[in-house]
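Numbering of residues begins at 1 and proceeds along the displayed sequence. Every number for a ligand or one of its atoms is a count from 1 in the order of the listing.
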Amino acid sequence: MTIPLLPESAPFSPAQRAWLNGFFAGLLGLGGEGNGNGNGAASAGAAATATAPAAVAEAEEDFPWHDPAMPMDERLKLAEERPYERKLMAAMAQLDCGACGYLCKTYSEAIAAGAEKSLTKCVPGGKETARKLKELVAAHGATTTSGVAMKSLVAGSGPAATTTNGAAMKSVVAQPAYDRSRPFPAKLIASLPLNRPGSQKDTRHVMINLAGSDLAYKPGDALGVFPENCPELVDELLRVLGAADRPDLRAALIRESSLARPSDDLVERLVECATDPDEADHLTRLRDGEDDWIDTADLLDVLRRYPSARMDAEELVSLLAPLQPRLYSISSSLRAHPEEVHLTVGVVRYTKNERVRKGVASTFLAERVPAGSEVRVFLHPSHRFQLPDDGDTPMIMVGPGTGIAPFRAFLEERQALGAGGKNWLFFGDQCQATDFLYQEELRKFQQDGLLTRLDTAFSRDQAEKIYVQDRMRDRARELWGWLEEGAHFYVCGDAKRMASDVDRALHEIIADQGGLSVEEAKAYVAKMTKAGRYQRDVY
Ligand SMILES: Cc1cc2nc3c(=O)[nH]c(=O)nc-3n(C[C@H](O)[C@H](O)[C@H](O)COP(=O)(O)OP(=O)(O)OC[C@H]3O[C@@H](n4cnc5c(N)ncnc54)[C@H](O)[C@@H]3O)c2cc1C
Ligand SMILES: NC(=O)c1ccc[n+]([C@@H]2O[C@H](COP(=O)([O-])OP(=O)(O)OC[C@H]3O[C@@H](n4cnc5c(N)ncnc54)[C@H](OP(=O)(O)O)[C@@H]3O)[C@@H](O)[C@H]2O)c1
């Protein structure tokens, strides 16, 4: 229950009042959720700040579609009878990743309230989300004020709000020293390759020094990283714009601007600037959504394709969206590595139109920050992905690829705490010889008796693919036994395919081994979810 802290006469709507009451309750430690792992003191502060509003909102309203592994049509179906802004929310990728500058809920509220015009900001949702938003907005007619007044709640913790409410909060409560709006200038310790030579992948163990920050995370939390763009890409852009002699613009482009798909405002301006009629015509079709080429293009692609559409470089830079931070699941325990945070980063590199494209943050961490140099970071506490309260509770963890990250943290934490619960890890990647991430550490955890079971699925070591869910099926009887003993079941990694395939396997195993019907197996999983025994951290 939330204890009301704001007087009824305070100048807020009921929704705002509820939000603020929860916010203050969280900060003051009243009625907020526990962090579930006996690490309360460590995670108070930053964690509480962000927890309370979510907890209150959830107590009043559920968001059953808020599951990144759920297909779009199912999400929209669940929001069918809900208000306009909730339908918009159901169209988002449900990651709360902050790439749009909001959370899924607040981005949709901002669109519904008419405060946000761009429908293409959900990066992980990509074209699918942009199209659906457009459809929903068109069906709704002209954007109206929906009474949703929290449009300025940006992603991350509460104090990022910039309205008068934000001012009110700032004057009343102490803020965490560092958060998304004031990232901590940490130092990179090292970015070590986890794959062996010959691998098709580049996964890094990134170690960051938090000394001096007081940032206290708990296993299951994520770290936000403010990246910098690749200087070679920036130089090429400035060359194309004829502004190679502008160090001020170069600095802004490296640190502040998104060089990915151009914003709608910029496309609009390019339409106006194009002097070539064919280019103007094509840009108009892009603007009007009649051609989706732009959805997978970056700024350089666009500038090269429309050479007649030029404006002053300064104006162009002002129309670029801000470069947003990326989230990474934390792969260390503070108890095992005081004043450090570790990440497991899959480096994004691919070639398109003969140009090597580099994921901004993953290549920043892998290639561009020298050891000892600055990385701006903040904590993104997790409220739904945590160790069981009871150290004796068995855990089953399914984490292929970078999905292993939080489970390394879970295991380190349980080891440091001397927790006696059984631990079972399913790990998978392409090839055992080159992609067995943290192999030595995992073997050591086994030898120490911490990791009770380790099942691996190396997909490309044989003609037929073998995935983690195949290993789950191989061990169905034991898995069912662990579930019946009360085990928590965790999944981390790819949201698009893996999480739903693992979910299907889990349902099948429960039905087969428990002798349950499809409906009964669904109810069993729903009960696990409600009890916090089925948790997913997928992206
Ligand atoms: C809660 C959460 C936890 C996460 N934890 C982790 C983690 O532990 N480890 C981890 O590695 N990542 C994790 N991520 C993902 C991470 O935040 C970044 O999205 C990821 O590192 C890519 O960011 P980037 O800046 O390097 O790439 P960006 O510059 O953002 O580029 C990525 C984009 O490139 C495009 N793209 C990628 N590959 C291709 C291709 N082959 N062909 C065409 N287009 C392509 C896609 O549009 C993709 O969205 C997590 C995300 C969330 C939301
Ligand atoms: N949202 C984002 O911005 C973002 C950014 C980066 C990564 N990601 C996601 O994060 C995932 C993690 O990347 P990663 O490089 O660590 O590992 P990954 O690509 O998930 O691969 C790890 C292992 O999982 C296997 N796999 C593929 N499909 C599967 C399925 N349906 N079920 C179970 N296992 C499956 C892979 O096999 P094969 O490859 O041999 O099929 C591989 O053996 C990526 O798949 C990507 O979708 C998202």
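Put simply, atom 12 (C) of ligand 2 has protein non-hydrogen atoms near it, under 4.0 Å away. Put simply, atom 5 (C) of ligand 2 has no protein non-hydrogen atoms near it, under 4.0 Å away. Remark: atom 16 (O) of ligand 2 lies closer than 4.0 Å to at least one protein heavy atom. At least one protein heavy atom sits closer than 4.0 Å to atom 23 (O) of ligand 1. Distances from atom 29 (C) of ligand 2 to the protein include at least one heavy-atom value under 4.0 Å. Protein heavy atoms come within 4.0 Å of atom 16 (C) of ligand 1.
When each atom of ligand 1 is checked for a heavy atom of V360 under 4.0 Å away, the hits are 24 (P), 25 (O), 26 (O), 27 (O), 28 (P), 29 (O). Per-residue contacts place C97 under 4.0 angstrom from the following atoms of ligand 1 (heavy atoms of the residue considered): 53 (C). Per-residue contacts place G401 under 4.0 angstrom from the following atoms of ligand 2 (heavy atoms of the residue considered): 16 (O), 17 (O), 22 (C). Within the listing of ligand 2, atoms 38 (P), 39 (O), 40 (O) sit less than 4.0 angstrom from a heavy atom of R460. The K465 neighbourhood of ligand 2 comprises atoms 38 (P), 40 (O), 41 (O), with distances under 4.0 Å to a heavy atom of that residue. Every atom of ligand 2 is numbered from 1 in the order shown, and the set under 4.0 Å from a heavy atom of Q469 is 30 (C), 32 (N), 33 (C). Contact atoms of ligand 2 toward S459: 36 (C), 37 (O), 38 (P), 40 (O), 42 (C), 43 (O) (distance under 4.0 Å to a heavy atom of the residue). Every atom of ligand 1 is numbered from 1 in the order shown, and the set under 4.0 Å from a heavy atom of G346 is 10 (C), 11 (O).
Looking at R326 next to ligand 1, an N or O pair under 3.5 Å apart turns up. Ligand 1 has an N or O atom lying under 3.5 Å from an N or O atom of A361, backbone or side chain. For the pair K201 and ligand 2, the shortest N or O to N or O distance falls below 3.5 Å.
Contacts between A222 and ligand 1, counted as non-hydrogen atom pairs separated by less than 4.0 Å, are absent for every part of the residue. The parts of R497 lying near ligand 2 are both backbone and side chain, judged by heavy-atom distances below 4.0 Å. Of the heavy atoms in T402, both backbone and side-chain atoms come closer than 4.0 Å to ligand 2. Within the 4.0 Å heavy-atom criterion, both parts of Y328, backbone and side chain, lie near ligand 1. Under 4.0 angstrom from ligand 1, there are no non-hydrogen atoms of D96. Contacts with ligand 1 closer than 4.0 Å are made by side-chain heavy atoms of V348 only, the backbone lying farther away. For Y467, every heavy-atom contact with ligand 2 shorter than 4.0 Å involves the side chain, none the backbone.
Checking T203 against N195 by side-chain atom types alone, a donor-acceptor pair falls below 3.5 Å. Between the side chains of Y217 and S332, at least one donor N or O sits under 3.5 Å from an acceptor N or O. If you check the side chains of H380 and D96, you find no donor sitting under 3.5 Å from an acceptor. Residues T456 and R471 bring no donor and acceptor atom of their side chains to less than 3.5 Å of each other. S333 and E412 share no donor-acceptor pair across their side chains, judged by distance under 3.5 Å alone. With 3.5 Å as the limit, one finds no donor-acceptor pair spanning the side chains of Y539 and S329.
Ring geometry for F63 against W65 counts as perpendicular: the plane angle is over 60°, on a 0 to 90° scale with 30° as the lower cut. Taking the six-membered ring where tryptophan is involved, the planes of F436 and F427 are essentially parallel, since the angle between them stays under 30° and well short of 60°. Using bins of under 30°, 30° to 60° and over 60° for the plane-to-plane angle, the ring pair Y490/F410 lands in the perpendicular bin. Using the six-membered ring where Trp is involved, H342 and H337 have ring planes that are tilted, between 30° and 60° apart. Taking the six-membered ring for Trp and thresholds of 30 and 60 degrees, F184 and Y178 have ring planes more than 60 degrees apart, a perpendicular arrangement.
Of all the listed residues (L327, T344, D298, D221), L327 holds the heavy atom that lies closest to atom 2 (C) of ligand 1. Among A93, G403, S329, the residue whose heavy atom sits closest to atom 3 (C) of ligand 1 is S329. The closest non-hydrogen atom to atom 39 (C) of ligand 1, taken over F385, Y350, F364, Y539, comes from Y350.
Taking atom 49 (O) of ligand 1 as the reference point, the nearest protein heavy-atom neighbour is V123 CG1, 4.3 Å.
Judged by a 6.0 Å distance limit and a 45° cone about the ring axis, R305 is positioned over the six-membered ring of W293.
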